[in-house]
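Below is one structure, written out as structure tokens; the observations come after it.
All values below come from the heavy atoms of this structure, side chains included, with hydrogens, waters and symmetry mates left out.
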Amino acid sequence: MNTVGVIAEYNPFHKGHLYQIEEIRRRTGADYIIIAMSGDFLQRGTPAIIDKYTRTKMALSCGADLVLELPCLWAVSSAEDFAAAGVTLLEKTGCVDMLCFGAEHHELTLLETIADILAEEPEDFSRRLGDHLREGMPFPAARSLALTEYIASEALSETAAGLLANDPDSAAGSAHIPDLLACPNNILALEYLKAIRRRNNTLTPLLISRRGAGYHEEDIRHPMASATAIRQALTGTQSWADSAGLDAMPDAAADILRDCRREYPYTDPDDFSAQLAYLLLSLSRQQLAQYQDCNTELAGRIKSLLPEFHSLEQFSGILKSRNLTHTRISRSLCHILLGLTQEDYALGRSLDYAPYLRILGFRREAAPLLTRLDACAQAPVISKLADASSILPEDAAKLLSHDIFAADLYEQNLARRAKKTARSEYSRGLVII
């Protein structure tokens, strides 16, 4: 049984995602494709535009066979933890042979060379990184500069240096490293490769170069528009925009979104402004500093600038500073909103990221895959949430409680805006097509 894994958000599912699934089938002849998908809150610290069950149905309708939920703790975490958790979750299924991911860069060997440096953290690289962090540089910029300097130094092997010098996308060698590390999908690709290397598992990486519009490109007219462009079109005020956004999605996914939209609105970060404002007012500076990614400096800025709070997105912009990026701030505020502390993350790492495998949905034709999952899984498989308390240890159940809280908070917002009764996470069944 040839099974390929993908780690994704699908916010929403677009033609680039469909292309990836079709390419997996074409290149590998995969019998099954398993998706490790974020729930209702995402890696950049924002809520998904549509709920996880709708996005699961989109994925299954467009070729995926099984969708597992990436625990909330890691879905809203840094690229490193997001990737490590996704790789670990797929590894623990016991039936995934290959990990497929997209990237702006096309050369897997070069990405593996860089990932090896980041995974091994040679002394010279670590020293340079530490120096730049002490200078006050944000971590992404500090790492990019340290890697550029390290690769340019004689510390790099002749083989690795040759790969950099001869690669057509980096003819100037290390001079192109900042550009490579500035691309979101390249960053995640490196983190996936790092996780595979550090875990020493048997997952074979499969790189499919990203096609279509750039990650942040906002042109909805592009034949393969980005998720950013689609979200902006769907939530725009112009009458033509919603149709343009739907036209940029695969037909099956667009039809599912239309059905969902008839009952529920799209979700926006500012929908949670009131809840966040209450928390920021009620928590002390010391309490705020206990949340993941919210250090003493940021906690102080939050408290001092709180009188200027009008909305979540607006406040994120105000909090931004020279060494605090917008993404870092958004993620910190998301951790506060969801109640995710540094202690929770320490617990999650001690449990090896994925102490359970929660099924969100599957295709009926994938019954043999489910049978194999039951036989090979290296963590408890949850298909019915009500059964979780009887099959999970206490610590793992605590991690799952964060998934449940995030889903219920998201659903409460949806129900309030749609003027409907909220659906409890315990009442939601699997998506089966």
Side-chain angles (χ1 to χ4, degrees), residues 4-11 17 20 24 33-39 41-46 48 67-93 96-105 108 110-121 129 139-140 143-144 147 180-210 215 227 292-293 325 327-328 330-331 334-335 340 344-346 348-355 357 378-379 399 403:
V4 178
V6 176
I7 304 166
E9 292 183 331
Y10 295 153
N11 186 42
H17 298 134
Q20 183 187 44
I24 289 172
I33 297 175
I34 296 179
I35 311 298
M37 192 187 78
S38 301
F41 291 84
L42 307 177
Q43 201 259 327
R44 297 182 71 84
T46 58
V67 178
L68 303 173
E69 182 173 3
L70 185 67
C72 175
L73 203 66
W74 312 117
V76 298
S77 189
S78 66
E80 183 174 30
D81 277 338
F82 175 88
V87 167
T88 303
L89 186 150
L90 292 173
E91 176 189 334
K92 288 187 177 182
T93 64
V96 173
D97 309 295
M98 186 174 291
L99 171 66
C100 178
F101 50 85
E104 290 86 358
H105 192 82
L108 177 61
L110 176 59
L111 293 175
E112 287 179 319
T113 299
I114 296 173
D116 285 347
I117 296 170
L118 297 177
E120 294 171 5
E121 296 185 345
L129 176 60
F139 179 81
R143 185 174 74 163
S144 176
L147 185 61
L180 188 149
L181 292 182
C183 299
N185 290 293
N186 285 344
I187 293 171
L188 279 175
L190 290 171
E191 295 298 343
Y192 296 142
L193 293 169
K194 272 176 55 183
I196 291 172
R197 172 68 179 270
R198 285 177 170 172
R199 295 190 67 83
N200 195 30
N201 64 29
T202 58
L203 291 181
T204 301
L206 171 64
L207 170 64
I208 295 180
S209 297
R210 181 184 175 89
Y215 184 90
Q292 180 71 3
D293 283 334
T325 65
T327 298
R328 160 74 183 278
S330 295
R331 196 178 293 132
C334 182
H335 292 152
L340 302 176
D344 292 323
Y345 278 84
R349 293 187 185 96
S350 74
L351 297 176
D352 195 25
Y353 290 100
L357 305 173
Q378 299 162 21
L399 231 62
D403 302 353

Hits for side chain to side chain contact (heavy atoms under 4.5 Å, CB included) against R143, two or more places apart or cross-chain, chain-then-number order -> L118, F125, L129, F139, I187, E191, K194

Distance-minimising heavy-atom pair for L357 and K92: CD1-O, 3.7 Å

Atom pair CG/CG of L108 and L193 - distance to nearest 0.5 Å: 6.0 Å

Under 3.5 Å donor-acceptor, Y192 side chain and V87 backbone: no

How long is the gap from CG on L42 to CG on N11, to the nearest 0.5 Å? 5.0 Å

To check you understand the geometry: which heavy-atom pair defines the closest contact between G39 and A75, and what is its length? N-CB, 4.4 Å

Sequence neighbours excluded, the answer for side chain to side chain contact (heavy atoms under 4.5 Å, CB included) partners of N186 is A103, E104, H105, L180, C183

I want to check something: taking the side chain as every heavy atom from C-beta on, are F101 and I208 in contact at a cut-off of under 4.5 Å? no

Under 3.5 Å, is there a donor-acceptor pair between the side chain of H335 and the main chain of V76? yes

So, the side chain of Q43 versus the backbone of S77: is there a donor-acceptor pair under 3.5 Å, distance only? yes

Any idea which heavy atoms bring A195 and A84 closest together, and the distance? CB-CA, 3.9 Å

Can you classify the ring geometry of W74 versus Y353 as parallel (below 30°), tilted (30 to 60°) or perpendicular (above 60°)? tilted

Least distance between heavy atoms, A379 atom then A354 atom: CB-O, 3.8 Å

Between I24 and V6, is there a side-chain heavy-atom distance shorter than 4.5 Å? yes

Rounded to the nearest 0.5 Å, what separation is found between the OG1 atom of T88 and the CG atom of L351? 12.0 Å

Atom CG in L70, atom CG in D403: separation rounded to 0.5 Å? 8.5 Å

Taking the inter-plane angle between the rings of Y10 and H17 on a 0 to 90° scale, is it parallel (under 30°), tilted (30 to 60°) or perpendicular (over 60°)? perpendicular

Would you indicate whether the side-chain heavy atoms of Q292 and D344 approach each other to under 4.5 Å? no

What closest approach, in Å, do A83 and I7 show between heavy atoms, and which atom pair accounts for it? O-CD1, 4.3 Å

Within the structure provided, determine whether E112 and L207 are in side-chain contact (heavy-atom separation under 4.5 Å). no

Can you give me the closest heavy-atom contact between E9 and S38, atom names plus distance? CG-OG, 3.6 Å

Inter-residue atom distance D97.CG - L90.CG, 0.5 Å rounding: 11.0 Å

Would you say the side chain of L181 lies within less than 4.5 Å of the side chain of L190, judging by non-hydrogen atoms? yes

Separation between CG (D116) and CZ (R198), nearest 0.5 Å, reads 11.0 Å

Test item: L99 and P205 side chains (from C-beta on) under 4.5 Å apart, heavy atoms: no

Quick one: does L89's side chain get under 4.5 Å of P71's, heavy atoms only? yes

